[in-house]
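Working notes, structure below.
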Amino acid sequence: MIPVVQHQWKGNLAQAREIQVFLAQKVILKPFKIKPETVLAVDVSYSRFEKCGYGVAGLFKVAFDNRRHKFHIVSEQYYTNSDTVPFPYIPGYLSFREIPILLPILSQISERPDLLLVDGAGIAHPRHLGLAAHLGVIFDLPAIGCAKSRLIGDFLMPGLESGAYEYLRTNGKRIGVVLRTKPACRPLFISPGHRCTITDAWRLIFTFCDQYRLPEPLRRVDLMSKRMRKQIEKK
DNA sequence: GCGACAG
DNA sequence: ATCTTGTCGC
């Protein structure tokens, strides 16, 4: 995969902000019409003291199960990379920490997936460009942000049953959904990243959820990146 | 000025 | 994100 949008980043916050404002204009939120057959999920975990980042991308072939209204995974393939972390964690600027680790992985993948699942925010971000939106725009791929906690937005707590949801809002405007993916477990914060709507985003995420809180592709990629960290640090 | 703050 | 065991609740 080759990025559609390129930019040279000088490493300072002010320019990072400019890049976000610029790329946020390129986000498209139009309906996602097809059923995804190939899903790419990405995640990064970190060494102790966050010196080194371990990036994993999982390419999943999925099939839709009409009876259960869920997807199941037909095949999976993982791509990995580890590198020193180029940027500290600053809320609102996660992209500049994780994208440099993820780019070398994504360039190895020849196939273009139907959908990108990202562990982080989509447009539910102070400048409407969370990690999922950033990746979606630079690769021009449909992308969904699936965060385990809230970055921005107001919401009512959804009911305790699986599938219960409430909208995430800023200034009364809907920017995502707070979705209970497993009964009585902390909800997920779903927002579209690129080329899908809020409704597409949460419905797709929910079809990927089965018995765990996280959608299965993200859960597996998450496990994989933690295993990778453990193995490398054992040496 | 104060609090909030994805991973 | 990471450090960490058992334990309380749906």
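Here is how names work: the chains are called A, B, and so on, in the same order as the sequence lines, proteins then strands, and each is numbered from 1.
What separates CD of A:Glu233 from P of C:dA1 is a distance of 15 Å, to the nearest Å. Atom-to-atom, CZ of A:Phe96 to C1' of C:dA1 comes out at 19 Å; the value is rounded to the nearest Å.
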Handout entry: Nucleotide-resolved protein contact map, nucleotides 1-7 of chain B, B/S/- at heavy-atom distance under 4.0 Å
Key = ---SBBB
Completion exercise
Its contact letters, B for base, S for sugar-phosphate only and - for none at protein heavy atoms under 4.0 Å, make nucleotides 4-10 of chain C read -------
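Between A:Val177 and A:Ile198, the closest side-chain pair of non-hydrogen atoms falls below 4.5 Å.
Taking the ring axis of A:Phe64 as reference, the NZ or CZ atom of A:Lys70 does not stay both within 45° of it and closer than 6.0 Å to the ring centre. Remark: A:Arg150 fails to qualify as a cation-pi partner of A:Phe189 under the 6.0 Å distance and 45° angle criteria applied to the six-membered ring.
Between the A:Arg213 side chain and the A:Pro187 main chain, a donor and an acceptor come within less than 3.5 Å of each other.
Taking the six-membered ring where the residue is Trp, A:Tyr165 and A:Tyr167 present perpendicular rings, their angle passing 60° and hence far from 30°.
The number of heavy-atom neighbours closer than 6.0 Å to CZ of A:Arg169, taken from other residues, nucleotides and ligands shown, is above 12. Environment of CG in A:Asn12: crowded, with over 12 heavy atoms of neighbouring residues, nucleotides or ligands closer than 6.0 Å. Residue A:Lys26 places its NZ atom among 12 or fewer non-hydrogen atoms of other residues, nucleotides or ligands, all under 6.0 Å distant.
Residue contacts for A:Lys182: at a heavy-atom cut-off of 4.0 Å it reaches no nucleic acid atom on any strand shown.
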